Number of protein chains: 2
Amino acid sequence: MKSEHIPKATIARLATYIQVLSEFKREGTDVVSSERLAEACSVNSSQIRKDLAYFGEFGVRGVGYYVQDLITSIKRSLGIDRAWNCALVGVGNLGRALLRHREFSRKGFIIRGAFDCDPYKIGEVVEGMEIVCSRQLPAKVKELGLDIGVITTPPERAQRAANYLIGAGIKGIINFAPARIAVPKHIHLEYVDFFHYFYAAAFHIRFDESRD
Amino acid sequence: MKSEHIPKATIARLATYIQVLSEFKREGTDVVSSERLAEACSVNSSQIRKDLAYFGEFGVRGVGYYVQDLITSIKRSLGIDRAWNCALVGVGNLGRALLRHREFSRKGFIIRGAFDCDPYKIGEVVEGMEIVCSRQLPAKVKELGLDIGVITTPPERAQRAANYLIGAGIKGIINFAPARIAVPKHIHLEYVDFFHYFYAAAFHIRFDESRD
DNA sequence: CGATGTGAATGAATTCACAGCA
DNA sequence: TGCTGTGAATTCATTCACATCG
């Protein structure tokens with residue numbers, strides 16, 4: 001199959017598959033069928049087979065998938081069989097929490113630079129990293145080979161942070177600030193807003209209640 | 001129109017609409033067309049009209065939408081025209097960051113209880129809130145009228161946290177822990193994993209690079 | 001007139017059902 | 001035999017196009 005266009009939802013599910021497969025691996029399970037994996041991920045089994053088919057043939061007919069091999073294959077498919085160097089812009093509450101979050105480097109996203117334009121913060125050391133003025137982004141992106149910019153500024157400064165990152169030659173931006181930003185279309189942009197999940201929960205809970 | 005079933009994607013977009021409309025409001029814009037709103041949200045204008053039509057008729061033909069009225073209508077549609085009381089379970093790095101995050105109460109999600117089963121943490125005060133043993137959840141859920149449970153434990157303790165919350169009579173769960181959990185189907189469950197966004201960025205960046 | 005609200009048309013994603021292979 | 005891989009069928013979401021109404 002090996003298609004050109006891959007649904008956005010497929011990418012999201014592949015991340016879940018890795019999570020669940022890692023769990024299987026820890027439990028000592030070597031082989032898993034799409035049926036069993038599907039159940040653990042709460043999806044349809046042919047959904048899994050189709051998602052994987054976009055990238056290649058990873059299973060063995062009549063047997064299933066070898067857990068470790070499948071993890072490796074999915075990681076390669078997603079492009080996380082390597083490290084990605086990240087710049088974090090905006091060292092407030094959320095920024096600090098991300099800097100402290102051990103999971104980032106464990107998953108291959110290494111935060112190599114922390115930037116802020118607040119003179120009171122510049123020079124401060126967080127998690128062994130010195131906070132640097134955002135104006136130094138162009139130099140640092142080149143020096144450290146930074147790939148992805150992570151915006152954790154207040155909303156009103158998100159666009160400026162994006163501009164710095166884009167000017168510095170970053171390839172992708174993950175925006176945690178609650179603001180829409182404009183970027184040229186060769187820059188990949190992702191919005192992260194976990195309030196979406198709270199809204200969805202609130203909506204469904206109230207909806208369920210109103211049906212009684 | 002006022003339909004029964006509402007697409008998941010619609011809920012997610014409504015959250016974006018609120019964000020952008022609030023921005024318009026701050027700028028002093030009173031009336032907005034679906035065309036203009038669509039541009040700011042990077043979606044199609046009929047998408048917006050259809051999303052809104054699921055909940056009612058909020059616009060004025062030939063004019064557009066009154067910004068403040070539309071914010072109010074969407075909030076009511078989503079069920080966030082009221083406060084939601086939340087219990088946070090697992091006071092680690094991420095849990096603390098959420099407790100400190102001012103935006104929660106501002107958006108109507110009030111964290112009223114912080115729970116952990118680590119005896120070293122119990123009794124500690126974070127952001128004016130005393131950390132309480134998770135075993136006290138049933139009492140506290142009733143006492144404080146808690147609606148939504150927020151799980152920020154390590155993955156291996158997520159299911160136990162969920163069990164406590166479910167037993168205590170919570171209505172919905174938002175799981176930040178990188179683990180799948182099982183809940184009865186009357187409990188609304190949302191998974192939050194911001195690594196999904198990093199994976200998606202990595203995938204697309206590498207994909208774009210390989211096309212040159 | 002001008003922008004909404006909405007059926008109808010299109011497009012995308014998911015699921016079914018089974019051929020094909022270890 | 002049993003489970004993968006995949007075209008076909010179905011379901012779901014988005015966009016179009018225009019009737020409708022302030």
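Protein chains get the first letters and strands the later ones, always in sequence-line order, with residue 1 at the start of each. The structure displayed is predicted, hence computed values, not measured ones.
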- Query: Hey, is the main chain of Gly90(A) close enough, under 3.5 Å, to the side chain of Thr153(A) for a donor-acceptor pair?
  - Reply: no

- For DNA chain D, determine which residues of residues 6-13 of chain B have any heavy atom closer than 4.0 angstrom to one of its atoms, and list them numerically. Pro7(B), Ala9(B), Arg13(B)

- Whole-Å distance separating the OH atom of Tyr17(B) from the C1' atom of dT4(C): 14 Å

- Note on the structure: From CG of Leu70(A) across to P of dC3(D) the rounded distance in Å is 16 Å

- Query: Given atom NZ of Lys50(B) and atom C1' of dC12(D), what is their separation to the nearest angstrom?
  - Reply: 12 Å

- Query: Listed in order of residue number, which residues of residues 20-49 of chain B have a non-hydrogen atom at under 4.0 Å from DNA chain D?
  - Reply: Asn44(B), Ser46(B), Gln47(B), Arg49(B)

- Please confirm whether the backbone N or O of Ile181(B) pairs with a side-chain atom of Tyr191(B), one donor and one acceptor, at under 3.5 Å? yes

- Taking CD from Glu57(B) and P from dG7(C), how many angstroms apart are they, rounded to a whole number? 11 Å

- Could you give the CG-to-P distance, from Asp51(A) to dA12(C), as a whole number of Å? 17 Å

- Nearest-Å distance for atom pair CZ/P, residues Phe55(A) and dT6(D): 14 Å

- Query: For Asp30(B), does its backbone N or O pair with a side-chain atom of Gln68(B) as donor and acceptor, under 3.5 Å?
  - Reply: no

- In whole angstroms, the gap separating P of dG22(D) from CZ of Phe58(B) amounts to 17 Å

- Taking only N and O in the side chain of Tyr65(A), is any of them less than 4.0 Å away from OP1 or OP2 of dG5(D)? yes

- Ser134(A) side chain vs Phe115(A) backbone, donor-acceptor pair below 3.5 Å: no

- Residue pairs, two or more places apart or on separate chains, that pass side chain to side chain donor-acceptor pair (under 3.5 Å) and touch residues 84-94 of chain B: Asn85(B)-Arg112(B)

- Phe198(A) side, atom CZ; Glu190(B) side, atom CD - distance, nearest 0.5 Å: 10.0 Å

- Send over the distance from Arg61(A) CZ to dC21(C) P, rounded to a whole Å. 6 Å

- Query: Would you say Thr10(A)'s side chain and Ile6(A)'s backbone share a donor-acceptor pair under 3.5 angstrom?
  - Reply: no

- Query: Between Phe104(B) and Phe195(A), does the ring centroid distance fall short of 6.0 Å?
  - Reply: yes

- Message: Between His101(B) (side chain only) and Ala97(B) (backbone N and O only), is there a donor and an acceptor less than 3.5 Å apart?
- Response: no

